[in-house]
Amino acid sequence: MSNIAKTYEPQQFEKEIYAAWERDKNFHTTAEASGEPYCIVIPPPNVTGQLNMGHALDETLQDILIRYHRMKGDNTLWMPGTDHAGIATQARVEEQLRGEGTNRYELGREKFLERVWQWKEKFGNRISYQLRTLGSSCDWERERFTMDKGCSAAVRKVFVQLYNEGLIYRGRRITNWCPSCNTALSDIEVEHETEQGHLWHLRYPFADGSGYVEVATTRPETMLGDTGVAVHPDDERYKNLVGKTLILPLVNREIPLFADSYVDKNFGTGAVKVTPAHDPNDFEMGLRHNLEQVKVINNDGTMIDAGKYTGLDRYACREQIVKDLEEGGFLVKIENHEHAVGHCHRCHTTIEPLISKQWFVKMETLAEPAIEAVKSGELQFVPERFTKTYINWLENIRDWCISRQLWWGHQIPAWYCDDCGEMTVSETDIDECPHCHGKNLHREEDVLDTWFSSALWPFSTMGWPNDTPELKKFYPTSVLVTGYDIIFFWVVRMVMMGLKFRGEVPFKYVFIHGLVRDKFGRKMSKSLGNGVDPVEIINKYGADSLRFMLVTGNTPGNDLRFFDERVESARNFANKIWNASRFLLMNLEGFDKNFKPTREDLEFADEWILHELAKTIDAVTKNLERFELGEAARLIYEFIWLEFCDYYIELTKTRLYGSDARAKSTALFVLEKVLECTLRLLHPFMPFLTEIIRQKLPNAQGSIMLAPYPTRDELKDLLSDADNIDEFANVILNTVRTIRNLKSELGIDSRKKSAVVLKVTNANYKKFLAENVSYVTDLAFAEPITFADEKPAHAMSGVVDGLEIYLPLEGLIDVEKEIARLTKELEKLRKGAASTAGKLKNERFLSKAPAEVVQSERDKLAAAEEKISSLEQRIKQLENL
RNA sequence: GGGGUUGUAGCUCAGAUGGUUAGAGUGCCUCGUUGACAUCGAGGAGGUCACAGAUUCGAGUUCUGUCAGCCCCACCA
């Protein structure tokens, strides 16, 4: 049993343990299993590539909650799966094809899709593998994919119903178009960035030769598509000119000068050139004033139907146009101008607003209940501040463009009849037009926005539209864990669809985390090359270390920085646990595993550590329930390292190495009890390490992940009901610390034994210290310790509440230095006492503060005064030497 | 133009419900090789909690404003 390696080597056991868990079906549950339902559906990673650090954080938080609830006895389900990520995945495969010197059009839709499915197999499997490496306890038997049969059926059902209810419509609209991805995008897929641009002032002459109007534009190339110039109706400068006709320079088209209140009188010249085909606002104005839509920019970003400019790229055209305008005398001036430009959030190409026929979801009626759900508290964000972001967005929502000119995705179930021209939307494939019974049908080529299927994820994964036991048991799910960056993309849409199709929110809590950044605080990205592969970190430090690092030192909703040093620190913690366990296992050898001590067998140190353990269990549980996972982890860390290892283990050594068998058995019993309990407490955070160690403990059976989460109650037979455990422990610990300090000041090796004299002033501590003085000896290497009422003449001294401590060092101390040291300490004490005394002199404090606060201030002052006077005496004594 | 968020030790961050002399990790300095652990142990230095007001007996914590950084939303050409 003691043939346990000297250092923690996670590579030796993590994979094996995970395989065993999976083999034993420890992750699996059914709707029929007992316990309160607790369910999380995974935010499905994209099959575009591999898991990144952001996923690692997301999965770790989920796994902690899942493992905690599973141990608590809940019927716990973690539903895994992946997302087809339409635009992103298609782009990756197209990139691959480009490398092979071909493209999707050459391949054709069917062959191309085969290629994407191959890609999906490869990367989907890699993601599952990576999730396993992390220790994620997903129910793999239920793994889903947004384009699998069930999810696709759900998509169809939802689409058709929304269409039939008039909530999905097809329309010719101006939409965001990415010339590189060659598809329409929704508004939130456009990222606006401030760019330094120019404002070109142009001169448009009147047809009658009576002068000109000056317009300002940031996009001169669009002037080729201008079909009007607008001014504000109240603008005095133009009042008499409205209705006149202008000649569009270079094109020589006649266009009207008209009035529209959209125009801002104070911007530029107060006159706007209007290009209905290439600007959303102009599009609206064009509709209001019946303007022609002249399309001059093509889907690929080149000019079309633009005379000599035809075929030029939009930016090359801009240059040429400006040159030509200048030559023609139409350019007035060029100003620098900062403005926001939209970019495709996938490929970062500048967006081109274009008119095309697209499919939209009407959002307003879907948004209302989603707002209500948050306001009523049915749905809660953690941290709460994201509620505001969510509501604000929903209240200003616009229709959602859901069609994409891609091949990879859910093809829209609409058919056009070439005979009668009617369109039919159908849940099942059709080969005959229901209107004219014609057979010449062709299906809508567009696919749906990826997020359309993701929006159904919480119920499509549970078998909807069938009425399954899973839906009954686990919907609504307990919590959604995700980053703040996809609240709009995903969270709101799930809520809307959940409410619409299930009549209930899809989850009760939305637990939001931040982004994982690099050590300089930059976003991890492919272009910066600063991404860190979680699997590499796991190979080096172990999954437990990575998990622990990710969950500590951050609070819900905030970003965190990734450092190797922080993983190292977590690994060191794992090593500490490893060695503490090794210590116990070595000592356990050959001992009676069934021994149970009586209450009388327990000594103070035992009572203290059990008391601390119970406090830690309470605090950890409370923080887990509040989603304060980092705080919970920190509490366990402190308990294990500072209390259990640094103090308690040291205090058991006398008994373990002594000859009293009963005392040794008692110490071993408590050591094992505390360690075993702590392992269970820690298991959600560090699943592998806790499993392997616990399996080596004699009294633990079965997998730790199925063992109960520790409670104070399970310790009740061992817990002391004394209420002064903390106080007495402090007496010991403060005394130890003071002695160590004194030794260090003197340059004495901390492990070298030194004589110590204690003058105990607090009567309550006298008996306690006399009985437990060996703790001071053991922890501070203080021996012999004698109790005295007199102070030794030559000695270093220290004062703690209730006693004075002396290191007698005949002739060894430097009196001057000692006086200086004590004086410094005295100053500190006086400062504290003065502020306390000040408070106690304040009438208003005495009358208004709660009694217990006042009392504690009094006690504090008394203790401080006692210390001060004894220090003062000590200093005086030294000065008289 | 709105909204959010951050500002605490050299660095990275904790500090529900206001109540000792503000903490951790890491880095730094001194010391330590025999029995769990150098992936360690002991000790130490280091902070007027961004700034200014307000509320309060009492503010890192609540409120207002200022400054600085980051982020999101938004149709001013």
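Within every chain, numbering begins at 1; the chains are lettered A, B, ... in the order of the sequence lines, protein sequences first and strands thereafter. Keep in mind that what you see is a predicted model, and the values were worked out from it rather than measured.
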Trainee: Under 3.5 Å, is there a donor-acceptor pair linking the side chains of A:Y8 and A:N572?
Mentor: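 A:Y8 vs A:N572: no donor-acceptor pair found between side chains.
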
Trainee: At 4.0 Å (heavy atoms only), tell me whether A:W200 reaches a base, stays on the sugar-phosphate, or touches nothing.
Mentor: nothing

Trainee: Do the side-chain N or O atoms of A:K653 get closer than 4.0 angstrom to the phosphate oxygens (OP1, OP2) of B:A36?
Mentor: yes

Trainee: Any side-chain N or O of A:W641 below 4.0 angstrom from OP1/OP2 of B:G41?
Mentor: yes

Trainee: Just to confirm, is there a sub-4.0 Å distance from OP1 or OP2 of B:A14 to any side-chain nitrogen or oxygen of A:N554?
Mentor: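 Checking A:N554 against B:A14: no side-chain N or O falls below 4.0 Å of OP1 or OP2.
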
Trainee: Using whole Å, report how far NE2 of A:H339 lies from P of B:A77.
Mentor: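 Distance check: A:H339 NE2 to B:A77 P gives 7 Å.
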
Trainee: Tell me whether the side-chain N/O atoms of A:K388 come closer than 4.0 Å to OP1 or OP2 in B:G3.
Mentor: no

Trainee: Which base, if any, makes a Watson-Crick or G-U wobble pair with B:G27, both distances under 3.5 Å?
Mentor: none

Trainee: Once you apply a heavy-atom cut-off of 4.0 Å, does A:V274 come out as touching a base, just sugar-phosphate, or nothing?
Mentor: nothing

Trainee: For A:T217, which of A:L199, A:L202, A:D279 qualifies under side-chain contact (heavy atoms from CB on, under 4.5 Å)?
Mentor: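 The option that passes is A:L202.
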
Trainee: Rounding to a whole Å, what distance do you find between A:K540:NZ and B:U39:C1'?
Mentor: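 Between C1' of B:U39 and NZ of A:K540: 13 Å.
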
Trainee: Quiz question: going by heavy-atom distance under 3.5 Å, is there a donor-acceptor pair between the base of B:U39 and the side chain of A:R571?
Mentor: yes

Trainee: Reckon A:E650 touches a base, only the sugar-phosphate, or nothing at all at heavy-atom distances under 4.0 Å?
Mentor: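 Base contact.
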
Trainee: Name the nucleic acid region contacted by A:K6, choosing base, sugar-phosphate or nothing; use a 4.0 angstrom heavy-atom cut-off, strictly under.
Mentor: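 If one applies the 4.0 Å heavy-atom cut-off, A:K6 turns out to touch the sugar-phosphate alone, with no base involved.
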
Trainee: Pick out which of A:Y484, A:F627, A:F381 makes a ring pair (Phe, Tyr, Trp, His ring centres under 6.0 Å) with A:F511.
Mentor: A:F627

Trainee: For the C1' atoms, the ones on B:G60 and on B:A9, what distance do you get once it is rounded to whole angstrom?
Mentor: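 Straight-line distance between the two C1' atoms is 14 Å.
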
Trainee: May I ask you to check if A:K653 and A:F583 form a cation-pi contact, with NZ or CZ under 6.0 angstrom from the six-membered ring centre and within 45° of the axis?
Mentor: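 Flagged: A:K653 positioned over aromatic ring of A:F583.
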
Trainee: Could you measure between the two P atoms, the one in B:U20 and the one in B:G58, and give it in whole Å?
Mentor: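 Here B:U20 and B:G58 have their P atoms 15 Å from each other.
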
Trainee: Now, which nucleotide makes the Watson-Crick or G-U wobble pair with B:C51, with each of the two distances under 3.5 Å?
Mentor: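 B:C51 is paired with B:G65.
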
Trainee: What's the gap between B:U17 and B:A59 when it is taken at their P atoms, as a whole Å value?
Mentor: 15 Å

Trainee: Could you check whether A:E631 gets within reach of a base, just the sugar-phosphate, or nothing at all, counting any heavy atom under 4.0 Å?
Mentor: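 Answer is sugar-phosphate: A:E631 comes under 4.0 Å of backbone atoms only.
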
Trainee: Rounded to the nearest Å, what distance is computed from the CG atom of residue A:D559 to the C1' atom of nucleotide B:G4?
Mentor: 13 Å

Trainee: Is there a Watson-Crick or G-U wobble partner for B:A16 with both distances under 3.5 Å, and if so, which one is it?
Mentor: none

Trainee: Quick check, are the ring centers of A:F488 and A:H345 under 6.0 angstrom apart?
Mentor: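 Ring centres of A:H345 and A:F488 not closer than 6.0 Å.
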
Trainee: When we call it a touch if two heavy atoms are under 4.0 Å apart, what does A:G270 touch: a base, just sugar-phosphate, or nothing?
Mentor: base

Trainee: Identify whether any heavy atom of A:G268 sits under 4.0 Å from a base atom; if not, whether one sits that close to sugar-phosphate; answer base, sugar-phosphate or nothing.
Mentor: nothing

Trainee: Under a 3.5 Å cut-off for both contacts, is B:C37 paired Watson-Crick or G-U wobble with anything, and if yes, with which nucleotide?
Mentor: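 When the pairing criteria are applied, nothing turns out to pair with B:C37, so the answer is none.
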
Trainee: Which part of the nucleic acid, if any, lies within reach of A:F267 when heavy atoms closer than 4.0 Å are counted: base, sugar-phosphate only, or nothing?
Mentor: base

Trainee: Is there a side-chain contact between A:V382 and A:I512, using heavy atoms and a 4.5 Å cut-off?
Mentor: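 They are not in contact (no side-chain heavy atoms under 4.5 Å apart), so the answer is no.
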
Trainee: Expressed in whole Å, how much space separates the P atoms belonging to B:G15 and B:A24?
Mentor: 15 Å

Trainee: How close or far is atom C1' of B:G58 from atom CG of A:L861, stated in whole angstroms?
Mentor: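 From A:L861 CG to B:G58 C1': 16 Å.
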
Trainee: Rounding to an integer number of angstrom, what distance separates B:G65 and B:G2 when you compare their P atoms?
Mentor: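 To the nearest whole Å, 13 Å.
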
Trainee: Using atom P in both nucleotides, what's the gap between B:G23 and B:A16 to the nearest angstrom?
Mentor: 14 Å

Trainee: Examine B:C13: is either OP1 or OP2 under 4.0 Å from a nitrogen or oxygen in the side chain of A:R561? Give yes or no.
Mentor: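 The answer is yes; a side-chain N or O of A:R561 sits under 4.0 Å from OP1 or OP2.
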
Trainee: Would you classify A:F386 as touching base, sugar-phosphate or nothing, given that sugar-phosphate means primed atoms plus P, OP1 and OP2, and contacts are heavy atoms under 4.0 Å?
Mentor: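 A:F386: no heavy atom of the nucleic acid under 4.0 Å.
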
Trainee: Output yes when at least one side-chain N/O atom of A:N558 is less than 4.0 Å from OP1 or OP2 of B:A14, else no.
Mentor: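 Result: yes.
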
Trainee: B:C75, OP1 or OP2 - any side-chain N/O from A:R398 closer than 4.0 Å?
Mentor: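 Answer is yes, contact under 4.0 Å.
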
Trainee: So, A:T222 and A:K273: side-chain donor and acceptor under 3.5 Å apart, yes or no?
Mentor: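 Looking only at side-chain atoms, A:K273 and A:T222 do form a donor-acceptor pair, the distance falling under 3.5 Å.
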
Trainee: Can you find a side chain N or O atom of A:K576 that sits less than 4.0 Å from OP1 or OP2 on B:G41?
Mentor: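 Yes, because at least one side-chain N or O of A:K576 sits under 4.0 Å from OP1 or OP2 of B:G41.
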
Trainee: With a non-hydrogen cut-off below 4.0 angstrom, is A:T389 in contact with a base, only sugar-phosphate, or nothing?
Mentor: nothing

Trainee: Using a 4.0 Å heavy-atom cut-off, does A:H337 contact any base of the nucleic acid, only the sugar-phosphate backbone, or nothing at all?
Mentor: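 The answer is sugar-phosphate, as A:H337 gets under 4.0 Å only of primed atoms, P, OP1 or OP2.
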
Trainee: Whole angstrom is fine here: how far is it from CG in A:N741 over to P in B:G44?
Mentor: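 Rounding to the nearest Å, CG of A:N741 and P of B:G44 are 5 Å apart.
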
Trainee: State, yes or no, whether a side-chain contact exists between A:L642 and A:Y647 at a heavy-atom distance under 4.5 Å.
Mentor: no

Trainee: CG of A:D778 versus P of B:G41: gap in Å, rounded?
Mentor: 18 Å

Trainee: Would you say A:D801 and A:N734 are linked by a side-chain donor-acceptor pair, where the criterion is simply a distance under 3.5 Å?
Mentor: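 There is no such pair between these side chains.
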
Trainee: When we call it a touch if two heavy atoms are under 4.0 Å apart, what does A:R219 touch: a base, just sugar-phosphate, or nothing?
Mentor: nothing

Trainee: Rounded to whole Å, how long is the line connecting atom NZ of A:K848 with atom C1' of B:G58?
Mentor: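 Atom-to-atom, A:K848 to B:G58, this comes out as 11 Å.
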
Trainee: Could you check A:I748 against A:Y647 and say which one's nearest nucleotide on RNA chain B is further toward the 5' end?
Mentor: A:I748

Trainee: Taking for each residue the nucleotide of RNA chain B with the nearest heavy atom, is it A:K622 or A:I649 whose nucleotide lies nearer the 5' end?
Mentor: A:K622

Trainee: For A:D485, which contact category applies under a 4.0 Å heavy-atom criterion: base, sugar-phosphate, or nothing?
Mentor: nothing

Trainee: When you compare B:U61 with B:U8, how far apart are their C1' atoms, in angstrom units rounded to a whole number?
Mentor: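 Nearest-Å result for B:U61 against B:U8 at atom C1': 12 Å.
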
Trainee: Compare side-chain N and O positions of A:N579 against OP1 and OP2 of B:U39 and report whether any pair is under 4.0 Å apart.
Mentor: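 No, no such contact exists.
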
Trainee: Are A:R582 and B:C37 close enough that a side-chain N or O sits under 4.0 Å from OP1 or OP2?
Mentor: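 For B:C37, OP1/OP2 do have a side-chain N/O of A:R582 under 4.0 Å.
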
Trainee: Checking all strands, does A:R522 fall into the base, sugar-phosphate, or nothing category for heavy-atom contacts under 4.0 angstrom?
Mentor: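 No contact.
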
Trainee: Considering only the P atoms, how many Å lie between B:C11 and B:A50, rounded to the nearest integer?
Mentor: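 It works out to 14 Å between them.
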
